[in-house]
Structure formats: structure tokens, C-alpha cells
Amino acid sequence: MPELPEVETVMRGLAPAMVGARIEAVELRRAGIRFPFPPRFGERLTGKRIEALTRRAKYLLVRLEGGETLIAHLGMSGSFRIEDMTPGAFHRERSKDPKHDHVVIRLDTGTVVTFNDPRRFGFMDLFATEGLETHPRLSALGDEPLAPGFDAARLAALLAGSRAPLKAALLDQKRIAGLGNIYVCEALHRAKLSPFRPAGDLADARGSPTRAAGALAKAIRAVLQEAITAGGSTLRDHRQADGALGYFQHAFEVYDREGAACSRPACAGTIARDAQSGRSTFYCPECQK
DNA sequence: AACACCCCCTGTCGGC
DNA sequence: TGCCGACAGGGGGTGT
């Protein structure tokens with residue numbers, strides 16, 4: 001599920017319910033998710049007011065009063081669910097998957113936020129807000145592709161000198177942070193670039209951006225922005241925090257469309273699927289060069 | 001330094 | 001129906 005647009009969607013869904021509220025109680029149903037929870041995790045959360053929610057790459061950051069920030073990553077299958085547990089509340093659903101509800105956070109507003117993660121590739125940690133960027137998981141992250149200044153020149157600089165296939169370089173979170181398998185495939189198709197082309201090709205001998213770099217930077221930003229507007233992509237049964245479904249998956253041009261006709265007008269190609277560093281790449285061999 | 005490969009864990013789906 | 005292998009949105013560690 002969660003690449004940048006999905007995490008952004010989750011963040012926007014959680015913010016109205018969480019920001020300003022105080023954490024009343026935290027229930028940890030196991031000792032950790034991918035990693036053990038930090039020492040005294042529950043105690044350090046309890047009683048704290050939530051000051052802000054932000055996102056860095058695919059990480060959700062929950063700033064708490066008292067100087068610490070909760071860092072959460074959804075891994076492959078993590079999701080948050082919001083329930084209004086106020087007495088008499090109309091919508092009081094029962095968990096469809098209680099087995100994988102690992103963390104339950106009760107707020108003083110009556111809202112309960114539950115983290116569910118079947119595969120347990122997600123994780124949570126607490127770290128000092130001041131110097132948060134030095135957290136081991138955050139310190140090496142590359143550029144935010146939606147930040148101002150992410151343009152052809154910046155992209156070319158990030159890829160210059162790399163002989164890695166373009167797809168692998170775009171997935172490298174140390175260069176660009178937040179892209180995953182789906183949006184890399186989609187952006188490359190939009191930019192008409194082959195996932196196998198050497199990444200360094202997007203910079204010329206002087207390191208200046210080629211025409212392809214311009215097309216790719218634009219495609220990356222457009223596909224991410226459109227996906228956020230659509231509420232992210234809902235694959236399998238993932239939902240947004242409020243239970244709504246994202247619908248960007250209907251806009252996929254290549255991802256999971258092996259064998260389908262290329263959607264590009266006047267292109268007679270058929271979407272192919274190949275493995276690249278152990279993961280599926282979907283692309284049109286006809287128009288992506 | 002930069003890659004390719006394997007693993008973490010669980011669920012689901014397609015083929016036989 | 002049941003079993004088994006392949007595969008899934010991420011990413012860290014290791015070995016070349």
C-alpha cells in the first residue's frame with residue numbers, strides 16, 4: 001500500500017482527529033511490530049497532547065508535547081483506523097481484523113486510533129523532536145519530490161553518475177524519498193522512459209539535465225499530486241484512516257496491467273512485466289525508451 | 001561506492 | 001476442496 005501519496009492521505013485523515021487531542025491511554029498488544037517498541041513506549045505517550053502531524057518520505061511523524069515525536073512507518077500492510085467511541089456515537093464499528101490490531105491509542109476526545117499491520121513490516125519509535133532529522137531512519141533520506149525546487153536540474157544532480165537502472169535509482173530513498181514500486185512505474189511510463197536505461201543518462205557530461213530529466217521530474221510530481229488528490233491507491237483491502245477508499249488505482253496506466261494495451265494514444269504496445277532487483281516492473285516496451 | 005540478492009512476516013491467489 | 005508455490009505497496013543487512 002503505502003508510498004508517499006498513501007502516507008500523505010493517512011496523515012491528512014488522522015490530523016483532524018488527533019491534533020490537539022491528548023493521549024489518554026495506549027494499549028500495546030505485542031512487544032513490537034517489525035522492531036521492539038522503545039523502552040516505556042506506552043508511558044511516554046500517555047498524557048501527552050498531540051501538537052502536529054507531518055510526513056517525511058513514507059514516515060508519519062506525530063509531534064507530542066514534552067519534546068518527543070512518534071515516528072511511524074506503515075511497511076507494506078500497515079494502516080490506521082479511527083473510531084469514535086463517544087458514548088452514543090452512531091458509528092461504532094467492530095474490528096474486522098482484531099488479530100493484527102497491534103497498537104490502540106485512546107484520545108481524550110473519545111476517539112480511538114488503532115494501528116493494524118498483518119505483515120508487521122511497519123514500525124514505531126519515539127525520538128527527541130529537536131534533532132529529529134538525526135534519527136537513524138530519517139537521516140539518510142533524500143529529496144522530497146513534492147518540495148519546491150525538485151525540478152529537472154535537481155533530479156539530474158541526484159542521478160548523475162549512477163549506472164544503476166533508472167527504476168532502481170528512483171526507488172533509492174537516499175536519492176528521492178517517498179517513491180515506491182507503483183509510482184516509479186507510473187512516472188516512467190508518463191515520461192516515456194525505459195526503467196532499464198542507466199540513471200546517469202539524465203544528466204549530460206556537465207551534469208546538466210537532459211530533456212528526459214525534465215519530463216521525468218514533471219511526471220513524478222504530477223503522478224504523486226494526482227494520487228494524493230484521489231486519496232491514494234487502494235490495493236487489496238487497504239483503506240484510508242476514515243474508512244474511505246482511495247481511487248487512484250483506477251488511474252494506473254501500467255502497474256499490474258501486464259498484457260493490457262498501452263494507454264498512450266497512437267502507441268500499439270502491450271504492457272510488459274519484468275523483474276528488476278527482485279521486484280516487478282511494469283512498462284510499455286514500445287513507447288518507453 | 002554501488003549494486004544485486006536475500007530476508008523479515010502474513011495473507012491471498014492461481015494452478016494443479 | 002486442498003495443497004503449494006509465487007507474489008505483494010518497504011527496506012535493511014550482507015556480500016560482490
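Every chain is numbered from 1 and lettered A, B, ... according to where its sequence line falls, protein lines coming before strand lines. In this text the structure is predicted, and so the values were computed from the model without any measurement.
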What interatomic distance, in whole Å, is found between P of B/dC6 and the corresponding atom of C/dA6? 13 Å
Among the nucleotides B/dG11, C/dG10, B/dA4, whichever has the atom closest to the side chain of A/Lys58 is C/dG10
Quick note, A/Phe121 side chain, CB onward, closest among B/dC9, B/dA4, C/dA8 is B/dC9
- [ ] Look at the side-chain N and O atoms of A/Arg163 and state whether any lies under 4.0 Å from the OP1 or OP2 oxygen of B/dA1.
- [x] no
Against the side chain of A/Arg119, the closest entry in C/dC7, B/dC3, B/dC9 is B/dC9
(Q) Can you see if the side chain of A/Arg175 gets near the phosphate of B/dC3 - specifically, an N or O under 4.0 Å from OP1 or OP2? (A) yes
Looking only at atom types and distance, does a side-chain atom of A/Arg119 sit under 3.5 Å from a main-chain N or O of A/Phe121, one as donor and one as acceptor? no
Problem set entry | A/Gln288 (side chain) donor-acceptor with A/Glu286 (main chain) under 3.5 angstrom | no
Check your understanding: Mind checking whether A/Phe248 and A/Phe252 have parallel, tilted or perpendicular rings, split at 30° and 60°?
Key -> perpendicular
With respect to the phosphate group of B/dG11, does any side-chain polar atom (N or O) of A/Lys99 fall under 4.0 Å of OP1 or OP2? yes
Q. With respect to the phosphate group of C/dG10, does any side-chain polar atom (N or O) of A/Arg279 fall under 4.0 Å of OP1 or OP2?
A. yes
Problem set entry | N/O (side chain, A/His73) to phosphate O (OP1/OP2, C/dG10) under 4.0 Å | no
Checking C/dG12, B/dA4, C/dC7 against the side chain of A/Tyr59 (C-beta onward), the nearest is C/dG12
### Query
When all nucleic acid strands are considered with a 4.0 Å heavy-atom cut-off, which category describes A/Phe123: base, sugar-phosphate, or nothing?
nothing
Would you mind classifying the nucleic acid contact of A/Gly180 as base, sugar-phosphate or nothing, using non-hydrogen atoms under 4.0 angstrom? sugar-phosphate
One should report the stems of DNA chain B, each a stretch of at least three consecutive Watson-Crick or G-U pairs at distances under 3.5 Å, as B:2-8 with C:10-16, B:10-16 with C:2-8
- prompt: For A/Glu130, does the CD atom have more than 12 heavy-atom neighbours from other residues, nucleotides or ligands under 6.0 Å away?
  reply: no
Taken in chain and number order and not counting sequence neighbours, the residues that satisfy ring pair (Phe, Tyr, Trp, His ring centres under 6.0 Å) with A/His102 are none
Just so I know, are the side chains of A/Ile71 and A/Leu138 near enough to count as touching, which here means a heavy-atom distance under 4.5 Å?
yes
Per atom distances to the A/Ala164 side chain, the nearest of B/dC3, C/dG10, C/dC7 is B/dC3
TODO: Take the angle between the ring planes of A/Phe80 and A/Phe115 and call it parallel below 30°, perpendicular above 60°, tilted in between.
DONE: tilted
